[in-house]
Amino acid sequence: MLEVSIIRNQKDRVVEGFQKRNLNDAAIAELDNIIALDDERKSVQTSLDSILAEGNALSKEIGELFKSGKQAEAAELKEKVASLKETTKELENRHKEIKDQIEEKLLSLPNVPHTSVPKGKTPEENEVFKAWDKEIPQLHANALAHWDLAEKYDLFSLPLGVQLTGSGFPVYKGKGAKLQRALISFFLDEATNAGFQEIIPPLLVNRHSARGTGQLPDKEGQMYYCEKDDLYLIPTAEVPVTNLYRDALVSVDELPIKMTAYTPCFRREAGSYGADVKGLNRVHQFDKVEVVVIEHPEKSYDTLMTMVDHVEGLLKKLELPYRILRLCGGDMGFNSALTFDFEVFSMAQKKWLEVSSVSNFESFQANRMVLRFKDTDGKNKLAHTLNGSALALARIVASLLENNQTEDGIVIPEVLRRYTGFEKI
RNA sequence: GGAAGAAUGGCAGAGUUGGUUUAUUGCACCGGUCUUGAAAACCGGCGUACCUGAAAGGGUACCUGGGGUUCGAAUCCCUAUUCUUCCGCCA
């Protein structure tokens, strides 16, 4: 959620940013509506405050009159105060109404893209921030896609998931399951070594949490929901982990707060069917290790780059061909100010698969969550929040299986062998 | 699931016969004295948000959320949520 002060004081930047997101004029006009409402809010509050001040002063007098036994005069004042009540009520209602309207409008506005975000509408217009500069190796002639490899080596089964749950819920078996566990341990160890504190959060969250990180109201349809208890299954560990600091006031020297968590992620992926969803490319439940950082506003972009480096390091160690994209305004998420996507090339499918998304949300989430820090000047300020996948498992597994297949088995990358206990599938 | 109790400013913790408590006090924090330096001690400052003002300052709201009684509520009533304890169930 944007701050009204940003809309007021940096309107040109906001408008420019919204144009990058290809928002229509109506959305941009909302900015003026918000400012107008805020002006009204101020004037209503001024009137309301002075009436309340008058009432408070009179009530105090009444108290003193009672004490000194002047009942008649007190009764007279009582009537006077009572006459203020109606106006007070009216102003209070109007004040609340305006505040709600402003909030509703603010919630519908996306974050302002960072200046470095390129213009563009579709994923094709994303900027290649770092290309894969080596040759992509060729697979042998009988190379298979990961869903065929899964069958050949009995690594995971989607039909069994259908039997248990429905489509998009893979069941991992044998070495396939071990590989999952190995990757999770590897990613967590790498994050811990990089200074992230490991967290094991709940997998269900309440609506306050879902709202805090921006899943509500924008992405309600994407989450699984338990109606009876009014709880949501997390679509990413970002939600519970970032919300650990909802309504928090931290000291400036606690920053940066660096956390990591492994969780399964649940996404309804409503409306997405077709070729992209084959195998593990898009599933309803997948495992992911997430990194979350709460940072000082002046340092958040440096921190974003260290997170990008961290994720890049993981892909290098896994020896996968990857590239880094800087998302264009049209492809960037609602909450983000700047996002880098990581894609791994799948040699069997001959296409890039998104395996990580690293973003700076600036104060957008912090404003919703009221996540503040006490700065060195003693003032409370909104912190910046950042997060990234480090990494998402399902597609990493898909590309590992495909890219590492040989005529006589699938080779496990060196760094994973101490976790898997085997070198080859 | 049943019963009882509780929810106060960054933390701890007073205050519940309604009106100089719009919040005692301690810790933490900031400034100062002392000291070679630090600690201790002592002195002073210190909640949050919003409105107003060039500033100094002034005002309003906030004692878990929502509603009510009253001229006036942290304090009384209703309601929701959460926590604690006991009982029941259970890994």
Side-chain angles (χ1 to χ4, degrees), chain A residues 1-9 34-107 200-212 216 226-232 240 243-255 257 294 296 363 366-383:
Chain A
M1 188 164 76
L2 291 176
E3 298 164 72
V4 178
S5 62
I6 288 181
I7 295 174
R8 269 184 188 280
N9 303 329
I34 289 171
I35 293 173
L37 277 170
D38 196 50
D39 286 337
E40 194 188 345
R41 188 200 105 243
K42 286 183 181 186
S43 85
V44 169
Q45 185 172 337
T46 306
S47 323
L48 177 60
D49 282 358
S50 67
I51 288 189
L52 286 172
E54 198 181 329
N56 285 345
L58 289 173
S59 291
K60 204 171 220 172
E61 261 184 71
I62 292 171
E64 279 159 19
L65 288 173
F66 267 121
K67 261 185 203 160
S68 53
K70 298 175 182 166
Q71 312 290 347
E73 289 175 47
E76 208 172 297
L77 282 185
K78 269 194 195 180
E79 269 178 51
K80 210 168 166 187
V81 176
S83 72
L84 293 175
K85 260 209 155 166
E86 203 172 321
T87 329
T88 307
K89 201 79 196 162
E90 261 171 46
L91 288 171
E92 269 176 352
N93 289 340
R94 182 63 191 147
H95 194 248
K96 189 174 186 312
E97 198 177 289
I98 296 170
K99 272 178 74 174
D100 290 347
Q101 274 180 33
I102 292 175
E103 171 139 336
E104 193 191 321
K105 286 183 190 295
L106 285 176
L107 280 173
I200 300 182
L203 306 181
L204 285 89
V205 293
N206 58 33
R207 55 177 59 248
H208 298 290
S209 298
R211 202 188 108 105
L216 287 180
C226 306
E227 194 173 358
K228 204 164 185 180
D229 297 292
D230 195 24
L231 295 172
Y232 295 86
N243 273 283
L244 289 172
Y245 286 87
R246 174 151 47 86
D247 290 318
L249 178 62
V250 302
S251 148
V252 67
D253 41 56
E254 287 175 62
L255 301 177
I257 296 167
I294 295 165
H296 193 287
S363 63
N367 191 31
R368 285 189 177 204
M369 280 193 285
V370 199
L371 193 186
R372 295 170 305 169
F373 66 99
K374 196 173 273 297
D375 208 350
T376 40
D377 59 10
K379 293 240 163 45
N380 297 337
K381 298 175 185 167
L382 291 174

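Each chain gets a letter, A, B and so on, in the order the sequences are listed, and its residues count up from 1.
Across every strand in view, U17(B) sits unpaired, with no contact that passes the Watson-Crick or G-U test at under 3.5 angstrom. Base pairing analysis places C83(B) opposite G5(B); the two distances defining the Watson-Crick or G-U wobble pair are each below 3.5 Å. In this structure, C27(B) forms a base pair with G10(B), meeting either the Watson-Crick or the G-U wobble geometry with both donor-acceptor distances under 3.5 Å. Of the nucleotides present, C62(B) is the one that pairs with G47(B) by Watson-Crick or G-U wobble criteria, both distances under 3.5 Å. Base-pair partner of G37(B): not found among the strands shown (Watson-Crick or G-U wobble, both distances under 3.5 Å). When both distances must be under 3.5 Å, the Watson-Crick or G-U wobble mate of G53(B) does not exist. In this structure, U22(B) makes no Watson-Crick or G-U wobble pair, since no nucleotide meets both defining distances under 3.5 angstrom.
Taking atom C1' in both A7(B) and U79(B), one finds a spacing of 15 Å when rounded to whole Å. One C1' atom belongs to G65(B), the other to U81(B), and the distance between them is 7 Å to the nearest Å. Taking atom P in both G26(B) and C46(B), one finds a spacing of 14 Å when rounded to whole Å. The gap from the C1' atom of C90(B) to that of U17(B) amounts to 47 Å, rounded to the nearest Å. Comparing G2(B) with C76(B), their C1' atoms sit 28 Å apart, to the nearest whole Å. Using C1' as the reference atom, U24(B) and G47(B) are 15 Å apart when rounded to the nearest Å. C43(B) and A56(B): their P atoms are spaced 29 Å apart (whole Å). Comparing U69(B) with U16(B), their P atoms sit 25 Å apart, to the nearest whole Å.
Contact check of residues 92-101 of chain A against RNA chain B (heavy atom, cut-off under 4.0 Å) returns no residues at all. Within residues 203-210 of chain A, no residue places a heavy atom under 4.0 Å from RNA chain B.
Along RNA chain B, the nucleotide nearest to D38(A) and the one nearest to L58(A) differ in position, and the one closer to the 5' end is contacted by D38(A). Taking the nucleotide of RNA chain B with the nearest heavy atom to each of S50(A) and N380(A), the more 5' of the two is matched to N380(A).
The residue L52(A) sits close only to the backbone: its heavy atoms come under 4.0 Å of sugar-phosphate atoms, none of a base.
Atoms CG (L231(A)) and P (U82(B)) sit 10 Å apart, rounded to a whole Å. Regarding D247(A), its CG atom lies at a distance of 19 Å from the P atom of C62(B), rounded to whole Å. Remark: P of U48(B) and CG of L382(A) are 14 Å apart, rounded to the nearest angstrom. Between the CD atom of E254(A) and the C1' atom of C11(B) there is a distance of 12 Å, rounded to whole Å. One can place CG of D49(A) at 8 Å from C1' of A61(B), the figure rounded to the nearest angstrom. Straight-line distance from the CD atom of Q45(A) to the C1' atom of A49(B): 9 Å, rounded to whole Å. Following rounding to the nearest Å, I102(A) (CD1) and C51(B) (C1') show an atom-to-atom distance of 13 Å. Atom CZ in R41(A) sits roughly 12 Å away from atom C1' in U52(B) (whole-Å rounding).
Each of C51(B), A61(B), C71(B) was ranked by its minimum atom distance to the side chain of K42(A); first place goes to C51(B). For V81(A), whose side chain is taken as the heavy atoms from C-beta onward, the closest listed nucleotide among C71(B), C50(B), A61(B) is C71(B). Comparing G59(B), G68(B), G72(B) by their nearest atom to the side chain of K89(A) picks out G68(B).
Every residue was checked against the salt bridge (Lys or Arg N to Asp or Glu O under 4.0 Å) condition with D253(A), not counting sequence neighbours, and none meets it. Scored by the salt bridge (Lys or Arg N to Asp or Glu O under 4.0 Å) test, R211(A) finds E103(A) as partners (sequence neighbours excluded). Take L52(A) and apply the side-chain contact (heavy atoms from CB on, under 4.5 Å) test, not counting sequence neighbours, and it matches L48(A), T88(A).
Taking CG of L91(A) as the reference point, atom CZ of R94(A) lies at 10.5 Å (rounded to 0.5 Å). Taking CG of N380(A) as the reference point, atom CG of L249(A) lies at 4.5 Å (rounded to 0.5 Å).
Between N243(A) and G212(A) the shortest heavy-atom distance is OD1-CA, 4.0 Å. For the pair I294(A) and A383(A), the tightest heavy-atom approach, listed with the atom from each and the gap, is CG2-CB, 3.8 Å. Between V205(A) and A210(A), the shortest heavy-atom distance links the atoms CG2-N, 4.5 Å. Contact detail for E3(A) and S363(A): the closest heavy-atom pair is OE2-OG, 3.1 Å. Pairing each heavy atom of C226(A) with each of L204(A), the nearest pair is SG-CD2, 3.6 Å.
Taking 4.0 angstrom as the limit, K374(A) places none of its side-chain polar atoms (N or O) nearer than this to OP1 or OP2 of A28(B). At least one side-chain nitrogen or oxygen of N56(A) sits closer than 4.0 Å to the OP1 or OP2 atom of U60(B).
Salt-bridge check for K89(A) with E86(A): failed, with every basic side-chain N at 4.0 Å or more from each acidic carboxylate O.
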Would you tabulate the nitrogen or oxygen pairs shorter than 3.5 Å linking the protein to nucleotides 8-10 of chain B?
none

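Proximity of a side-chain donor or acceptor of D38(A) to a complementary backbone N or O of I34(A) within less than 3.5 Å is not detected. Not a single donor-acceptor pair under 3.5 Å links the side chain of Q45(A) to the backbone N or O of K42(A).
Side-chain atoms of S209(A) and N206(A) form a donor-acceptor pair, as typed in the model, at a separation below 3.5 Å.
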